[in-house]
Amino acid sequence: MQLLDGKALAAKIETTVVNEVKELKNKTGLVPGLAVILVGQDPASAAYVNMKKKACDRVGFYSVTHEMPSDISQSAIENTIKMMNNNPNIDGILIQLPLPKHIDTTKLLELVEPSKDVDGFHPYNVGRLTTGLEGFVPCTPLGVMELLNEYNIDVKGKNCVVVGASNIVGKPMASLLLNANATVEICHIFTDDLKKHTLNADMIFVGAGVINLIKEDMVKDGAIIVDIGINRTDDGRLVGDVDFEKVCEKCSYITPVPGGVGPMTIAMLLSNTLKAAKAHAKARV
Ligand code: GUN
């Protein structure tokens, strides 16, 4: 069994981003800028946003976080997005999800200028991804593809089972795998017999948010396991969706939690923001 080390690859990508930021600055005087919208007091969301901000600082991006109370109005968030759309110092806009129940999330995501949609959640970019066209791809599944690529793992013709059908992870993960010529199945909360599907998988991509969802008897020998879950146990440990200790004995490759997919998500946010900044710089001249 070999670990897919996302922490190491993310560090390598950060070094490349640092150098490219310097180059962009020397050539154009411009620095990539990321605006983050954080609504409410959810500790997990606040922790993610804090990690994103620190990463921006490390690579020399300009970043601003708009922290808003949980009872903020729809129109106040919309106005902030419109302001960021028109702000030339901002290349990427990220709305940390989930948002409070009274907020229309879809309407906000649709308001983000697609060229600043570094999370790849605007229907324009979702459509481009499913059509196999160039665009912004959601950071977590993009990070998974980069990690597989680093270890020369080709998904072409492989039976890939995606567990979890969220717009943020499962659906774009499935699109990327399909675009790379994998055979793709998407399982979800209403799937009748999950084990029947996973046992047949060459690769399993699980992001369901359920501790120990994938157990050793659900995995065939030599399978590749990508654990996209992040859960906190009662005693405060960070774990994924896979029963790691037992499953790792059966598989050929597996991502650890933490240190697998998580750091890759942040690295891809940096990479997407740099890509947006380069495109904006090019459009200016
Ligand atoms: N909430 C959980 N994951 C994500 C993510 O990748 N981006 C945003 N904006 N919100 C999230």
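Ligands are counted one by one from 1 in listed order, and the atoms in each one are counted from 1 as well.
- Looking only at heavy atoms of the protein, atom 11 (C) of ligand 1 is closest to Gln96 NE2, 3.4 Å.
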Side-chain donor-acceptor pairs under 3.5 Å in residues 212-224, sequence neighbours left out?
| from | atom 1 | to | atom 2 | distance (Å) |
| --- | --- | --- | --- | --- |
| Lys215 | NZ | Asn212 | O | 3.0 |
| Asp217 | OD2 | Lys195 | NZ | 3.4 |
| Lys220 | NZ | Asp202 | OD1 | 2.8 |

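- In this structure, CG on Asp117 lies 9.0 Å from CG on Leu94, to the nearest 0.5 angstrom.
- Following chains of ILVMFWY side-chain contacts shorter than 4.5 Å, one can reach Val64 starting from Ile81, so the two form part of one hydrophobic cluster.
- Formation of a donor-acceptor pair under 3.5 Å by the Asp91 side chain with backbone atoms of Gly33 is found in this model.
- For atom 3 (N) of ligand 1, the closest heavy atom belonging to the protein is Ile168 CG2, 4.0 Å.
- Summarising the local packing, NZ of Lys275 is surrounded by more than 12 heavy atoms from other residues, nucleotides or ligands at distances under 6.0 Å.
- For ligand 1, the atoms sitting less than 4.0 Å from at least one non-hydrogen atom of Leu94 are 9 (N), numbered in the order shown with element in parentheses.
- The shortest N or O to N or O distance between Thr265 and ligand 1 is not below 3.5 Å.
- Set against the non-hydrogen atoms of Phe121, the atoms of ligand 1 under 4.0 Å away are 7 (N), 8 (C), 9 (N).
- Of the protein's heavy atoms, Leu97 O, 2.9 Å lies nearest to atom 1 (N) of ligand 1.
- Among protein heavy atoms, the minimum distance from atom 9 (N) of ligand 1 is reached at Asp119 OD2, 2.6 Å.
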Run the side-chain donor-acceptor check on residues 145-165: report pairs under 3.5 Å with partners two or more places apart or on a different chain.
| from | atom 1 | to | atom 2 | distance (Å) |
| --- | --- | --- | --- | --- |
| Glu150 | OE2 | Lys12 | NZ | 2.7 |
| Tyr151 | OH | Asp5 | N | 2.9 |
| Asp154 | OD1 | Lys156 | N | 3.1 |

